Amino acid sequence: MAVERTLSIIKPDATNRNLTGAINAMFEAGGLRIVGQKRIKMTLGQAQKFYEIHKDKGFFAELTEFMSSAPVVVQVLEGENAVSRNREIMGDTNPDNAKEGTVRKKYALNIGENSVHGSDTLENAKKEVAFFFKDEEIVG
Ligand code: GDP
């Protein structure tokens, strides 16, 4: 077991519905600590850069317009195996396939507006945390 940090984003569909606290409570109940957090509004350019890996996908324009449409809460979650633990707490990308008790099962509207982002590997987590946070903004 290793203590890791992962990047989480509470997406516009969730901030629009005032769900930041409810989702944070699920992270904390699941054993993760919120060691960095800020509410920002991404520009379209920032969203395009963040999701560059998906630039050839059919949903890229929809995804980046959605992510820059309203405020998001970017956060650093810390805990044992935080990357995979957070993916378990989030649930499947498509809420129809997400397990009971997961954030996406409870709150996601559809496969695009699915309430949360979480890094998929430790390597990507490091890059994604650095995309939004300076070292001094993370207090463990
Ligand atoms: P994640 O790691 O579970 O977030 O999933 P992916 O890395 O596969 O996709 C990134 C994000 O793109 C998802 O969280 C969705 O917001 C969006 N997305 C993925 N697949 C689709 C799709 O088929 N349609 C739409 N509109 N958005 C999608």
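Whatever order the structure lists ligands and atoms in, that order sets their numbers, starting from 1. Fair warning: this is a prediction, and the values are worked out from it, not measured in the lab. Counting from 1, the numbers follow the sequence of the chain as shown.
- Counting heavy atoms from C-beta outward, Ser115 and Asp13 have side chains that approach closer than 4.5 Å.
- Glu78 meets the side-chain hydrogen bond (donor to acceptor under 3.5 Å, both in side chains) test with Arg5; sequence neighbours excluded.
- At a threshold of 4.0 Å, the pair Arg85-Glu88 counts as salt-bridged, since one of the basic side-chain nitrogens sits closer than that to a carboxylate oxygen.
- Judged by a 6.0 Å distance limit and a 45° cone about the ring axis, Lys38 is positioned over the six-membered ring of Phe133.
- Under the rule for a side chain to side chain contact (heavy atoms under 4.5 Å, CB included), the partners of Lys99 that lie at least two apart in sequence or sit in another chain are Thr102.
- Among pairs with a residue in residues 59-88, those fulfilling ring-ring contact (aromatic ring centres under 6.0 Å, His included) read His54-Phe59, at least two apart in sequence or across chains.
- At a heavy-atom cutoff of 4.0 Å, ligand 1 is surrounded by Lys11, His54, Phe59, Glu62, Leu63, Arg87, Thr93, Arg104, Ile111, Gly112, Asn114.
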